[in-house]
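See below for the structure under consideration.
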Amino acid sequence: QVQLAESGGGLVQPGGSLRLSCAASGSIFSLYAMGWYRQAPGKQRELVAGITSVGSTNYVDSVKGRFTISRDNAKNTVYLQMNSLKPEDTAVYYCNAGGYYSGSYYPNIWGQGTQVTVSS
């Protein structure tokens with residue numbers, strides 16, 4: 001079982017950038033699919049970006065070309081680089097360790113979340 005801790009959120013101007021980090025401990029990190037999810041007020045939690053155990057990535061359409069997910073298995077860490085941020089990106093961002101089967105991510109272990117606010 002892994003434990004996850006997100007960091008890197010904060011307040012940023014529209015058009016700015018942030019890099020979120022998710023540090024994992026325990027279990028075999030390299031075997032998990034990892035995902036970044038977000039939840040805005042009044043909205044459902046959605047998968048923003050996912051990365052499989054072999055490094056394949058997927059993104060929700062609204063962030064394609066702006067966000068990049070990556071992982072460093074040697075550091076037990078997954079990242080979300082967010083560029084060209086928009087006010088609609090404002091949400092609590094959660095890291096998750098889970099599985100990837102038949103083209104879908106299956107969440108399992110959640111981090112505590114980190115707030116991202118994009119505002120002028």
Side-chain angles (χ1 to χ4, degrees):
Q1 192 94 328
V2 297
Q3 293 180 304
L4 307 175
E6 302 97 331
S7 62
L11 175 64
V12 66
Q13 297 272 343
S17 297
L18 286 173
R19 190 192 196 198
L20 306 183
S21 298
C22 174
S25 61
S27 195
I28 306 173
F29 174 79
S30 63
L31 298 183
Y32 285 89
M34 303 295 296
W36 284 99
Y37 296 71
R38 68 185 180 189
Q39 187 165 21
K43 296 184 179 180
Q44 296 291 320
R45 189 173 298 186
E46 67 172 347
L47 177 64
V48 177
I51 185 166
T52 72
S53 62
V54 296
S56 298
T57 59
N58 300 92
Y59 302 91
V60 69
D61 286 345
S62 60
V63 309
K64 286 181 178 177
R66 300 189 297 120
F67 290 11
T68 302
I69 188 172
S70 62
R71 66 192 298 162
D72 186 340
N73 289 339
K75 296 181 179 180
N76 287 355
T77 302
V78 63
Y79 305 95
L80 186 66
Q81 178 67 46
M82 304 185 293
N83 299 326
S84 301
L85 283 161
K86 304 174 180 179
E88 51 263 45
D89 295 318
T90 296
V92 177
Y93 284 71
Y94 298 89
C95 182
N96 185 273
Y100 181 83
Y101 312 102
S102 300
S104 297
Y105 290 87
Y106 293 84
N108 187 0
I109 306 300
W110 294 99
Q112 82 286 350
T114 185
Q115 177 71 46
V116 172
T117 302
V118 185
S119 177
S120 60

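- Gln39 places no side-chain N or O within 3.5 Å of a backbone atom of Ala91 that could act as its donor or acceptor partner.
- Distance CZ/Arg38 to CG/Asp89: 5.0 Å, rounded to 0.5 Å.
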Output side-chain donor-acceptor pairs under 3.5 Å for residues 99-106, partner residues at least two apart or in another chain, one line each.
unit_1 : atom_1 : unit_2 : atom_2 : d
Tyr105 : OH     : Gly50  : O      : 3.1
Tyr105 : OH     : Ile51  : N      : 3.1
Tyr105 : OH     : Asn58  : OD1    : 3.1

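- Under the 4.5 Å side-chain criterion, counting only non-hydrogen atoms from C-beta, Val60 is not in contact with Leu47.
- Checked by atom type and distance alone, the side chain of Thr114 pairs as donor or acceptor with a backbone atom of Gly9 at under 3.5 Å.
- Residue pairs meeting the ring-ring contact (aromatic ring centres under 6.0 Å, His included) criterion with at least one member in residues 29-56, sequence neighbours excluded: Tyr37-Trp110.
- In this structure, Asp61 pairs ionically with Lys64, as a charged nitrogen and a carboxylate oxygen lie closer than 4.0 Å.
- Here the CG-CD distance, from Leu11 to Gln115, works out to 9.5 Å after rounding to the nearest 0.5 Å.
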Which side-chain N or O atoms in residues 13-26 pair as donor and acceptor under 3.5 Å with protein atoms at least two apart or in another chain?
unit_1 : atom_1 : unit_2 : atom_2 : d
Ser17  : OG     : Asn83  : OD1    : 2.9

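- Atom CG of residue Asn76 and atom CD1 of residue Ile28 lie 11.0 Å apart, to the nearest 0.5 angstrom.
- The backbone N or O of Val92 lies less than 3.5 Å from no partner atom in the side chain of Arg45, so there is not a single donor-acceptor pair.
- Cys95 SG to Tyr79 OH: the interatomic distance, rounded to the nearest 0.5 Å, is 11.5 Å.
- The hydrophobic cluster containing Tyr94 does not contain Leu85, counting ILVMFWY residues as joined when their side-chain heavy atoms lie under 4.5 angstrom apart, directly or transitively.
- Residues Met82 and Arg66 form no side-chain contact, since every pair of their non-hydrogen atoms from C-beta on lies 4.5 Å or further apart.
- In terms of heavy atoms, Val2 sits closest to Ala97 at CG2-CB, 3.5 Å.
- Under the 4.5 Å side-chain heavy-atom criterion for grouping Ile, Leu, Val, Met, Phe, Trp and Tyr, Leu80 is connected to Val116 within one hydrophobic cluster.
- A distance of 7.0 Å separates CE of Met34 from CG of Asn96, quoted to the nearest 0.5 Å.
- If you take OG on Ser62 and CD on Glu88, they are separated by 8.5 Å, rounding to the nearest 0.5 Å.
- Nearest heavy atom pair, residue Asn73 against residue Ser30, reads ND2-CB, 3.7 Å.
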